[in-house]
Amino acid sequence: MREKLLEKIELLRQQMIHVGLELGLDHPDVLSYSQEIDRLHNQLLELDCKQRKSGKRPYYRFYISEEQANFA
């Protein structure tokens with residue numbers, strides 16, 4: 001579940017950047033992508049909170065490639 005949320009967030013982030021570069025950062029589609037990313041991020045935080053309450057620690061990693069930085 002967590003990995004799927006992270007994948008969706010990353011895909012939407014890439015699409016948002018592409019649309020932002022093509023149409024401008026103030027385009028309504030960019031705002032729509034941003035709001036969807038926020039919604040999914042809130043789901044991720046809720047999932048992590050539930051895991052912490054159950055005694056499990058969420059796993060995070062940060063890596064940087066030549067073209068982009070990723071947080072997972």
Salt bridge (charged side-chain N to carboxylate O under 4.0 Å, His left out) partners for Glu7, two or more places apart
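By the salt bridge (charged side-chain N to carboxylate O under 4.0 Å, His left out) rule, Glu7 matches no residue at all.
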
Please list, chain by chain and in numerical order, all residues satisfying salt bridge (charged side-chain N to carboxylate O under 4.0 Å, His left out) with Lys50, sequence neighbours excluded.
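So Lys50 forms a salt bridge (charged side-chain N to carboxylate O under 4.0 Å, His left out) with Glu46.
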
Hey, what do you get for [atom1] ([X]) to [atom2] ([Y]), rounding to the nearest 0.5 Å?
{"X": "Leu44", "Y": "Lys8", "atom1": "CG", "atom2": "NZ", "result": "12.0 Å"}
{"X": "Arg13", "Y": "His41", "atom1": "CZ", "atom2": "NE2", "result": "13.0 Å"}
{"X": "Gln43", "Y": "Met1", "atom1": "CD", "atom2": "CE", "result": "6.0 Å"}
{"X": "Leu45", "Y": "Leu40", "atom1": "CG", "atom2": "CG", "result": "11.0 Å"}
{"X": "Gln35", "Y": "Asp38", "atom1": "CD", "atom2": "CG", "result": "7.5 Å"}

Residues 16-34 side chain polar contacts: donor-acceptor under 3.5 Å, at least two apart:
| from | atom 1 | to | atom 2 | distance (Å) |
| --- | --- | --- | --- | --- |
| His27 | ND1 | Asp29 | N | 3.0 |

Running the 4.5 Å side-chain criterion over Ile, Leu, Val, Met, Phe, Trp and Tyr, what cluster does Leu11 land in, apart from itself?
none

